[in-house]
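Notes for the one structure printed next.
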Amino acid sequence: MADDPKRYVYWLQMVNGFGPTSRSFAVVFECEHPTIADIERELRHNGVVAGSKLDTIDDGKGGRLIRRRDGFMVGVAGLCTIQTYHKPCWEPDEWPL
């Protein structure tokens with residue numbers, strides 16, 4: 001959609017819990033911040049970054065098809081690493097497929 005702001009996709013490694021019961025997990029995260037430095041700045045200023053968790057599937061062409069977006073907020077607690085997502089993510093113009 002032309003009036004939507006540009007969105008950027010990241011791979012987040014996170015941890016849930018504490019001690020021996022903790023577990024790690026990953027999230028494909030989409031937000032309006034173009035760089036990891038911008039995300040770090042937002043975390044320092046507000047403590048959280050708002051965006052979307054993407055539910056994606058392999059498209060068979062080296063990319064990922066976006067099946068669904070869910071609102072998701074990332075905070076400093078539980079966040080292990082952030083890296084840019086190197087596979088192109090896209091969604092079809094019309095649903096359902």
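These figures come from a predicted structure and were not determined experimentally.
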Applying side chain to side chain contact (heavy atoms under 4.5 Å, CB included), run through L43 and L79 and close with a yes or a no.
CA-CA 11 Å; L43 286 170; L79 180 61; 3.9 Å; yes

Please assess H33 against R41 for the test side chain to side chain contact (heavy atoms under 4.5 Å, CB included), listing each intermediate value before the final yes or no.
CA-CA 10 Å; H33 300 289; R41 224 177 341 273; over 6 Å; no

Walk me through whether W90 and I66 qualify under side chain to side chain contact (heavy atoms under 4.5 Å, CB included).
CA-CA 6 Å; W90 61 279; I66 299 170; 6.0 Å; no

Test side chain to side chain contact (heavy atoms under 4.5 Å, CB included) on I39 and Y10; report intermediate values, then the result.
CA-CA 10 Å; I39 292 173; Y10 299 94; 3.5 Å; yes

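D70 contributes atom CG, which lies 8.0 Å from atom OG of S52 (distance to the nearest 0.5 angstrom). To the nearest 0.5 Å, atoms CD (Q83) and CD1 (I36) are separated by 7.5 Å. Between the CD1 atom in I57 and the CG atom in L65 there is a gap of 4.5 Å [rounded to 0.5 Å]. Note that the OH atom of Y8 and the SG atom of C31 stand 9.5 Å from one another [nearest 0.5 Å].
Listed for the D59 side chain is a donor-acceptor partner under 3.5 Å among the backbone atoms of K61.
The shortest distance between side-chain heavy atoms of K53 and R69 does not fall below 4.5 Å. Annotation: side chain of V9 is in contact with side chain of L54 (closest heavy-atom distance under 4.5 Å).
Just one of R7, K6, E42 meets the side-chain contact (heavy atoms from CB on, under 4.5 Å) condition when paired with E32; it is R7.
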Report, one line per pair, each donor and acceptor closer than 3.5 Å where one atom sits in a side chain of residues 11-25; sequence neighbours left out.
{"residue": "T21", "atom": "OG1", "partner": "F18", "partner atom": "O", "Å": "3.2"}
{"residue": "S22", "atom": "OG", "partner": "G19", "partner atom": "O", "Å": "2.8"}

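Under the 3.5 Å distance criterion, with hydrogens and angles disregarded, a donor-acceptor pair is assigned to the side chains of T56 and R64.
For the pair K87 and Y85, the cation does not sit on the ring face, since its NZ or CZ is not both under 6.0 Å from the ring centre and inside 45° of the axis.
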